[in-house]
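Okay, so here's the structure we're looking at.
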Amino acid sequence: MAFKSMVRTAAFGCVAALTTQSALAADVKVTPLGGQDGEFCPQDRALIFEDPNGTRILYDAGRSVAGAEDPRLGGIDIILVSHMHGDHLGNAHNKTPNSGSCEKPDVSVSALPNSNSVNIALAKKAKIVTGSEMPPFFAGKLSANGGDPANSILARFGGSVQVGGVTIATVPAFHSNGLDPDYIGGELGKTMKQAGIAGYVGEATGYVLTFSNGLVTYLSGDTGITSEQDTVVRGHYQAKLVVMNIGGGFTTGPREAAYVINELVKPNAVIASHANEVATKGGKVLPGTKTDGFIKSVQVPVHVPLSGRTMSFDGTGKCVAGCG
Ligand SMILES: [Zn+2]
């Protein structure tokens with residue numbers, strides 16, 4: 001009897017351990033790759049999302065990812081680019097991770113004419129999933145550099161694609177999306193540059209990602225307030241976690257972004273992004289910053305993307321680890 005109950009206890013112990021493990025494994029991990037370890041800096045956009053099934057997605061590499069060689073990247077399966085501006089596509093990038101300071105990063109390495117995003121896609125053999133009319137540009141860059149043009153995948157507004165077990169949809173972002181002639185090069189690029197004309201690649205976008213644990217995440221991209229944040233992002237997709245651009249000037253500022261969160265999308269949590277300021281010191285939000293104002297105006301938890309710190313989210317958007 002004693003032996004039997006010992007076996008039973010051991011078996012129960014095993015089940016309990018497995019349950020804890022699968023609960024951990026069912027979380028989506030989000031790791032910011034910013035300009036300075038442990039801080040939230042002006043150029044920071046890049047986030048890595050890791051699905052519980054292991055699929056790794058890089059969102060808006062921008063300038064803070066130190067090229068394809070950045071050891072923080074690890075394996076990357078999918079690259080998302082909300083729009084073509086240099087601070088998102090990556091016209092230049094940090095020399096090494098953490099080079100320079102938070103206020104003045106050393107982004108002296110040019111990524112033209114390919115872009116940081118394309119160079120990373122080539123090195124990692126990743127798929128680039130974009131909306132609008134951006135995919136032909138990426139297909140052209142991939143094939144011009146020995147990559148596979150089929151790795152540029154279209155997810156135009158209204159539909160969605162499934163890649164690596166993650167459902168990816170694009171949603172409208174009201175911004176601009178001209179392609180700098182420096183990515184075009186040659187005589188055409190030169191002529192366009194002289195005329196002050198950018199290449200047409202359709203509208204800027206945001207994304208809605210549905211992970212395998214059910215977590216629905218809205219990535220705002222650079223945008224103002226849109227009615228689709230109410231009707232599409234909340235109404236249809238029911239996003240529970242939002243990555244919200246809060247910098248003002250080029251995109252929603254803290255007040256507008258707070259309205260989007262409180263009145264339109266109504267998620268369970270938010271990750272602030274694109275603040276265009278030195279938002280933290282020693283990992284603490286500085287009083288009077290845009291980030292500080294946003295946190296105070298929003299009714300749900302706001303998580304600050306401190307570079308290198310991994311946050312874990314369950315299917316409801318609740319941060320279950322790493323949010324401090
Ligand atoms: Zn931007």
Side-chain angles (χ1 to χ4, degrees), residues 30 32-36 39-49 57-66 79-94 102-105 107 110-112 115-118 120 128-134 137-138 170-183 198-208 217-226 228-229 233 242-258 260-261 270-279 289-291 293-294 304-305 307:
V30 184
L33 299 189
Q36 290 291 318
E39 307 288 2
F40 181 29
C41 299
Q43 295 278 328
D44 294 5
R45 281 103 177 92
L47 300 174
I48 290 179
F49 291 87
I57 302 172
L58 173 63
Y59 166 56
D60 279 357
R63 298 174 179 134
S64 64
V65 176
I79 292 174
L80 307 176
V81 183
S82 62
H83 66 292
M84 297 299 204
H85 292 164
D87 57 320
H88 297 259
L89 181 57
N91 56 351
H93 61 75
N94 268 53
C102 190
E103 192 171 14
K104 285 205 175 81
V107 289
S110 170
L112 296 170
S115 78
N116 203 11
S117 298
V118 167
I120 295 166
I128 304 175
V129 182
T130 55
S132 203
E133 303 206 17
M134 295 182 270
F137 165 80
F138 288 111
T170 57
V171 290
F174 280 83
H175 192 56
S176 67
N177 196 25
L179 180 71
D180 193 302
D182 286 340
Y183 298 103
Y200 173 77
V201 285
E203 307 302 323
T205 68
Y207 287 93
V208 174
T217 301
Y218 167 52
L219 315 176
S220 75
D222 280 6
T223 186
I225 298 166
T226 73
E228 288 81 3
Q229 287 162 335
V233 177
V242 174
V243 175
M244 193 71 215
N245 293 15
I246 65 165
F250 308 98
T251 173
T252 43
R255 284 191 65 231
E256 293 87 354
V260 171
I261 297 303
V270 193
I271 298 171
S273 187
H274 199 289
N276 291 346
E277 66 181 356
V278 175
T289 56
K290 288 179 269 186
T291 304
F294 179 67
V304 179
S307 182

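Note that ligands are numbered from 1 as they come in the structure, with each ligand's atoms numbered from 1 the same way.
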Practice item. Kindly indicate whether the side chain of F250, heavy atoms from C-beta on, has any atom under 4.5 Å from the side chain of D87. Key: no
Tell me, do D44 and E39 make a side-chain contact under 4.5 Å, heavy atoms counted? no
Check: Is the H83 ring parallel, tilted or perpendicular to the H88 ring (thresholds 30°, 60°)?
Finding: tilted
So the protein N/O/S atoms within less than 2.8 Å of the Zn ion (ligand 1) come down to D87 OD2, H88 NE2, D222 OD2, H274 NE2
Without swapping roles, check the side chain of D60 against the backbone of S82 for a donor-acceptor pair under 3.5 Å. yes
For atom CD of E277, is the number of surrounding heavy atoms from other residues, nucleotides or ligands below 6.0 Å larger than 12? yes
(message) Quiz question: by atom type and distance under 3.5 Å, do the side chains of H85 and D222 form a donor-acceptor pair?
(response) no
